[in-house]
Peer 1: 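Here you go, one structure.
As the structure is a computational prediction, the values presented were derived from the model and not from experiment.
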Amino acid sequence: MAISPAANRAPLPLTSAPTRGSKMAASAAMERLRYTLILLLLLHSTDSFYVPGVAPINFHRNDPVEIKAVKLTSSRTQLPYEYYSLPFCQPTKITYKAENLGEVLRGDRIVNTPFQVSMNVEKKCEVLCNFPNKPVTLTVEQSKLIAERIREDYYVHLIADNLPVATRLEFYSNREEEEKKKEKDVQFEHGYRLGFMDGNKFYLHNHLSFILYYHREDVEENQEPTYRVVRFEVIPQSIKLEDLKADEKSMCTLPEATGSAPQEVDPSKENQLLFTYSVHWEESDIKWASRWDTYLTMSDVQIHWFSIINSVVVVFFLSGILSMIIIRTLRKDIANYNKEDDIEDTMEESGWKLVHGDVFRPPQYPMILSSLLGSGIQLFCMILIVIFVAMLGMLSPSSRGALMTTACFLFMFMGVFGGFFAGRLYRTLKGHRWKKGAFCTATLYPGVVFGICFILNCFIWGKHSSGAVPFPTMVALLCMWFGISLPLVYLGYYFGFRKQPYDNPVRTNQIPRQIPEQRWYMNKFVGILMAGILPFGAMFIELFFIFSAIWENQFYYLFGFLFLVFIILVVSCSQISIVMVYFQLCAEDYRWWWRTFLVSGGSAFYVLIYAIFYFVNKLDIVEFIPSLLYFGYTALMVLSFWLLTGTIGFYAAYMFVRKIYAAVKID
């Protein structure tokens with residue numbers, strides 16, 4: 001605001017400077033455009049690139065294809081439950097799959113089921129458990145539990161050959177096209193609904209029609225043909241016990257669709273029913289490497305491109321502001337400051353040189369500041385590597401829990417970088433107690449995360465949900481924290497503290513300068529609101545898809561887009577931070593250390609506002625514990641995002657401040 005007229009002032013006294021500057025600005029803009037185009041091309045190719053997480057399994061005809069259960073989920077309660085928490089048919093021996101850290105944290109409990117499915121063998125209708133003359137009897141307690149889960153809109157998740165089951169949804173996109181082409185749009189829903197409600201009555205999906213697609217592999221003439229599973233669909237049905245005509249061999253006959261009544265579950269009494277299933281095989285042209293495309297192309301890609309273009313425009317807009325106003329004004333300031341004559345007049349005109357003796361004065365609580373920035377560096381390195389590796393397809397959804405496992409281990413190992421940067425900054429800020437500083441860096445942010453997660457975990461334990469982290473896993477996480485992360489932070493902190501501190505170009509005065517009264521728009525909260533809106537605007541569309549993946553059990557696999565959005569976020573945070581610190585120094589306020597860290601993380605405030613909006617408008621959560629879980633985990637996300645963006649902005653502003661004070665002559 002105060003500096004916009006500066007762009008129209010007379011050019012610098014050095015006649016060659018504007019020409020050279022404009023050429024440099026033009027070439028820099030061309031470079032940025034070229035890199036953006038290269039990134040977009042890489043993004044387009046990466047989006048369809050897929051590295052399988054597991055080796056393909058070849059089946060011969062009649063080979064068993066094992067159907068396993070993963071969990072029950074609901075976006076209304078956010079509490080996953082294991083499959084056998086409900087009275088489903090059980091095999092003779094229940095076997096749980098050994099899970100990795102990510103699967104345990106997600107609440108997956110993969111277990112075998114009694115479904116008997118063989119490769120390319122059809123089954124019309126078969127009773128799952130008990131004999132037809134002895135149906136399954138649900139007690140009053142079991143009936144109440146099933147009715148409650150149906151009311152809470154729970155979905156059942158099964159897998160076959162590591163492929164999740166999906167329910168096909170067909171609908172007409174346009175009424176006119178419906179009459180002309182009769183073509184339907186097809187979408188897939190993860191898992192299948194446990195049941196449905198009609199008025200105050202509850203109906204259970206007790207018959208599952210499995211449709212499995214296979215791809216026939218090319219083999220030599222004399223060899224037996226091999227098949228690979230490439231899609232797993234289910235059509236859930238609710239069929240009354242009396243309408244399922246079953247014989248002594250556990251075979252059954254399905255009624256006609258028009259004449260069948262659904263299987264009601266009355267929560268006030270015992271209920272009798274049969275669990276049945278059928279299997280249908282179809283050949284498909286889909287190759288094994290592309291079998292996840294059905295699940296990963298559920299969302300509209302066009303809106304992501306719109307988001308990227310919108311974000312690139314925001315970044316170029318910010319770059320233009322920086323280039324045209326800040327750089328030109330700075331050059332004029334520096335040229336005026338470095339003139340020998342009329343130095344007192346120029347010092348009266350402009351503000352940022354006046355605080356040269358105080359701008360590098362250490363702030364309050366330097367240990368806490370360096371510790372938070374160290375954790376921010378740790379988060380930055382972890383997120384950058386995870387998104388980049390996921391973009392290359394190495395953390396595919398077929399490797400369940402791989403993303404979360406990788407993130408946990410990377411955060412532990414990135415402690416050495418967090419410790420190094422925190423130690424070096426702490427020494428620059430005239431700190432002496434490096435051991436205490438290292439302990440603070442290793443425990444402050446992780447301690448807050450662990451504390452919140454432990455409190456939330458106690459509530460999940462109380463609900464007997466599979467989302468509760470088991471006690472041995474919690475002990476293992478504590479051992480990783482104190483056995484891996486803490487020593488690595490100490491190691492990095494030791495070397496960072498021993499390294500030469502950052503070289504500040506001007507000396508600090510012994511007596512602090514008095515700070516003049518600030519205008520209303522220099523208030524911290526106003527700064528947070530102003531600085532946060534542009535970085536948030538560059539990423540909020542991608543944030544919607546991330547929230548959908550976390551809270552509505554969707555797959556998120558557009559990591560090519562996410563990587564580009566992350567780069568844009570880093571650039572926009574850096575630029576806005578430089579603008580804000582320049583305004584502050586021009587107002588002769590040299591207390592920029594903490595303020596820059598807080599203001600640069602301003603987009604986290606907008607993430608919090610968006611999370612509240614998403615909760616009110618998109619989710620159907622009404623109970624206390626699901627609401628507590630949502631806002632507990634949202635608080636962790638906002639805290640982490642604030643640390644990340646605050647750290648990016650702080651280091652950009654620190655480099656900028658050192659550059660401008662190194663460019664002026666100080667007596």
Peer 1: Any sub-3.5 Å donor-acceptor pair from R400's side-chain atoms to N162's backbone N or O?
Peer 2: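 Yes; at least one donor-acceptor contact below 3.5 Å.
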Peer 1: Just checking D285: does its CG atom have more than 12 heavy atoms from other residues, nucleotides or ligands closer to it than 6.0 angstrom?
Peer 2: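 For D285, atom CG is not crowded (no more than 12 foreign heavy atoms under 6.0 Å).
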Peer 1: Report yes or no: does S577 contribute a side-chain atom to a donor-acceptor pair with the main-chain N or O of S600 at less than 3.5 Å?
Peer 2: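 Judged by distance alone, no pair lies under 3.5 Å.
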Peer 1: Determine, using ring centers only, whether Y654 and W593 are less than 6.0 Å apart.
Peer 2: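 Yes, the ring of W593 comes within the 6.0 Å limit of the ring of Y654, centre to centre.
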Peer 1: Decide if the gap between the ring center of F547 and the ring center of Y610 is smaller than 6.0 angstrom.
Peer 2: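 Ring centroids of F547 and Y610 are less than 6.0 Å from each other.
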Peer 1: Ring centres under 6.0 Å, that's the criterion: do F525 and F605 meet it?
Peer 2: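 When the ring centroids of F525 and F605 are compared, they turn out to be within the sub-6.0 Å range.
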Peer 1: For side-chain contact (heavy atoms from CB on, under 4.5 Å), just list the numbers for M539 and I568, CA-CA rounded to whole Å, side-chain angles, deciding distance to a tenth of an Å, and then say yes or no.
Peer 2: CA-CA 8 Å; M539 56 158 280; I568 291 167; over 6 Å; no
Peer 1: For this output row, return yes or no: ring centroids of F417 and F380 closer than 6.0 angstrom.
Peer 2: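 No: the rings miss the under 6.0 Å criterion.
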Peer 1: Do the side chain of E103 and the main chain of T405 share a donor and acceptor less than 3.5 angstrom apart?
Peer 2: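 Not a single qualifying donor-acceptor pair exists.
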Peer 1: Please determine whether side-chain contact (heavy atoms from CB on, under 4.5 Å) holds for the pair H190 and Y155, giving the CA-CA distance in whole Å, both sets of side-chain angles, and the decisive distance to 0.1 Å.
Peer 2: CA-CA 8 Å; H190 299 302; Y155 282 74; over 6 Å; no
Peer 1: CZ of F409: more than 12 outside heavy atoms within 6.0 angstrom?
Peer 2: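 Counting neighbours around CZ of F409, 12 or fewer heavy atoms of other residues, nucleotides or ligands fall under 6.0 Å, so no.
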Peer 1: Answer yes if the ring centres of W592 and F583 are under 6.0 angstrom apart, and no otherwise.
Peer 2: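 Centroid separation for W592 and F583: 6.0 Å or greater.
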Peer 1: What's the verdict on side chain to side chain donor-acceptor pair (under 3.5 Å) for Y445 and S640, showing C-alpha distance, side-chain angles and the deciding distance?
Peer 2: CA-CA 9 Å; Y445 168 69; S640 304; 2.5 Å; yes
Peer 1: Let me see the working for I452 and Y633 under side-chain contact (heavy atoms from CB on, under 4.5 Å), right down to the final yes or no.
Peer 2: CA-CA 8 Å; I452 293 174; Y633 289 130; over 6 Å; no
Peer 1: Hey, does the side chain of E552 reach the backbone of S75 with a donor-acceptor pair shorter than 3.5 angstrom?
Peer 2: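 Absent.
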Peer 1: Do any N or O atoms from the side chain of T634 and from the backbone of Y630 form a donor-acceptor pair under 3.5 angstrom?
Peer 2: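 Between the backbone of Y630 and the side chain of T634 there is a qualifying donor-acceptor contact (under 3.5 Å).
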Peer 1: Quick one: does R424's side chain have a donor or acceptor within less than 3.5 Å of a partner on Q500's backbone?
Peer 2: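 Checked: pair present.
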